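A note on names: the letters A, B, ... follow the listed sequences, proteins ahead of strands, and every chain is numbered from 1. Everything numeric here is computed off the predicted structure, so don't read it as measured data.
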Protein chains: 2
Amino acid sequence: MLLYQEIRDYLFTLIAQDKTLKKLPSERELQEHFNSTRITVREALMRLEVEGIIYRQNRKGWFICPPRLEWNPVNKVNFYQLAKEQSFDANTRLVSIDCAALVGEKNQTITSAFSLNNHAEFYQICRVRSLDHRPVMVEEIYCQAEHFHGLAEKELTGSITAIFKDDYNVNVTAERSSIHVTALPESVAKLLHLNSGASCLKIIRQRFSQHKTLVDYNIEYWVHGAIEIKVDSY
Amino acid sequence: MLLYQEIRDYLFTLIAQDKTLKKLPSERELQEHFNSTRITVREALMRLEVEGIIYRQNRKGWFICPPRLEWNPVNKVNFYQLAKEQSFDANTRLVSIDCAALVGEKNQTITSAFSLNNHAEFYQICRVRSLDHRPVMVEEIYCQAEHFHGLAEKELTGSITAIFKDDYNVNVTAERSSIHVTALPESVAKLLHLNSGASCLKIIRQRFSQHKTLVDYNIEYWVHGAIEIKVDSY
DNA sequence: CAGTGGTCTAGACCACGAT
DNA sequence: TCGTGGTCTAGACCACTGG
């Protein structure tokens, strides 16, 4: 039996047995307990991290993942309602809203999704969403400035879809999502108080109006271990 | 700038610049190139692994991930058709088929999904699917033995859905999928020639017949970096 | 056989968090 | 200030792959 496997199994059992446990012993305590080194202890911890059982907060320690939020990308349910149904305390923090043209190679994808050139101005909204005071998702929203004058003055911690509908008469009627696994980029990790390089689900959503035009382009980074996707089809 | 970040960026550029590159330099070569240690080099490699850019084959080296298969869990398209549309060479290998009662705690979930007790017999099929000769998915299929007599004698490398329909007159009409990120279990990793602990997408699919009864229970492990999920909704 | 990654030891210094 | 994780060094032996 490999040593890091033994440590992993020990911690796994520890977590399974004590449902009230929130935080793991420190790396140095574990090192001593197993007469080993930090490298080996960390190997075990990183396995559990990939499994979505624990996560780390930068220099604070290793914590046990609470239950996941179940999310159906097909149902257009809003975040608060979904969280409430599953007994989570949901919260949204507006990080920034800017209005500018999109430059740079990365943004090229976005402007061309709107079939626009580099001069078009976009609102860029960045928000952090939390469940039970744990930040679990960072969202970047891009939409055309000319269609949403005054958006920056709205209350942007709730449903953007509702604002589009009520204040601008734009209905989101269709949506295309693309989902894959990747690592948290540095900037996103910082907002989540996590380490860059942690595994995450990146969801790109393009939402379309009743006129079939692209309303907004969203990039969501979900903390690995905080979400479970459910899809029904008939 | 952190050293492992530098190494990561160096490799990232290397991969971006040479699209024909299949395999990375060895860990010891990189260690020498950067005047560093294997631990640090491996830190960089593991970041790229989490990002889904490279993967490793047990003791063979680090390889660059080919393009991902785009998959829509809502469309009931079969694997070969999907692969062909995206110019992949698809293949399925039957690993095992058994017929037995399901015992053990892990299997409890499965029997109860069928609303059956521990004595009910199930066919258990295990298959490995490859794209362009790279194993990318392990699939475990469970279905009630009494409904599919003689299943073990069928050709099981193609579409199971087609066999259900053509040979047993059972049509899959609805499906419920649950998707989350986790680590490859040891047994699955071995079948994929990968290391246990690598990040993967675990997809659990429950498929229902025209009579609303559960036809089969599938567990799929997709190699991280081999799949991208696309969902449309209206 | 030589070369690869897999695992492990025994340290070190640093930045940041909690107090 | 002290404890935490974050990063890094400089080795070691082993199991397995490939020629």
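Of the N and O atoms on the side chains of B:Arg47 and A:Ser196, at least one donor lies less than 3.5 Å from an acceptor on the other residue. Inspection of the A:Tyr80 and A:Ser159 side chains reveals no N or O donor paired with an N or O acceptor under 3.5 Å.
Nearest to the side chain of A:Arg59, among D:dC14, D:dT4, C:dT7, sits D:dT4.
Annotation: proximity of residues 27-43 of chain B to DNA chain C (heavy atom, distance under 4.0 Å) is found for B:Glu27, B:Arg28, B:Glu29, B:Arg38, B:Ile39, B:Arg42, numbered in ascending order.
At whole-Å resolution of the value, CG in B:Leu3 and P in D:dG6 are 17 Å apart. Taking atom CD of B:Glu49 as the reference point, atom P of C:dG5 lies 13 Å away to the nearest angstrom. B:Met46 places its CE atom 12 Å from the C1' atom of D:dT7, with the value rounded to the nearest Å. For the pair B:Leu194 CG and C:dG6 C1', the computed distance is 14 Å after rounding to whole Å. One can place NZ of B:Lys190 at 14 Å from P of C:dG6, the figure rounded to the nearest angstrom. In this structure, A:Gln57 places its CD atom 13 Å from C1' of C:dC16, rounding to the nearest Å. A straight line from CG of B:Leu24 to C1' of C:dT4 spans 13 Å, rounded to a whole angstrom. Taking atom CG on A:Leu2 and atom P on D:dC13, their separation rounds to 19 Å, with Å as the unit.
Phosphate contact (OP1/OP2 of D:dG18, side-chain N/O of B:Lys60, threshold under 4.0 Å): present. Side-chain N/O atoms of B:Tyr4 include none lying less than 4.0 angstrom from OP1 or OP2 on D:dC8. Remark: A:Asn195 is in phosphate contact with D:dG6, judged by side-chain N or O atoms under 4.0 Å from OP1 or OP2.
Using bins of under 30°, 30° to 60° and over 60° for the plane-to-plane angle, the ring pair B:Tyr10/B:His33 lands in the tilted bin.
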Assess the residue pair A:Arg8 and A:Glu51 against the criterion (salt bridge (charged side-chain N to carboxylate O under 4.0 Å, His left out)); give the C-alpha distance rounded to whole Å, side-chain angles, the decisive distance to 0.1 Å, and a yes or no.
CA-CA 11 Å; A:Arg8 181 221 161 264; A:Glu51 289 181 65; 2.7 Å; yes

Starting from the C-alpha separation in whole Å, work towards a yes-or-no answer on side-chain contact (heavy atoms from CB on, under 4.5 Å) for A:Gln86 and A:Trp71.
CA-CA 10 Å; A:Gln86 296 175 41; A:Trp71 178 66; over 6 Å; no

Yes or no on side chain to side chain donor-acceptor pair (under 3.5 Å) for A:Arg127 and A:Thr92, after CA distance, side-chain angles and deciding distance?
CA-CA 7 Å; A:Arg127 317 194 286 183; A:Thr92 306; 5.4 Å; no

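Checked against a 6.0 Å centroid threshold, the rings of A:Phe114 and A:Phe122 count as neighbours.
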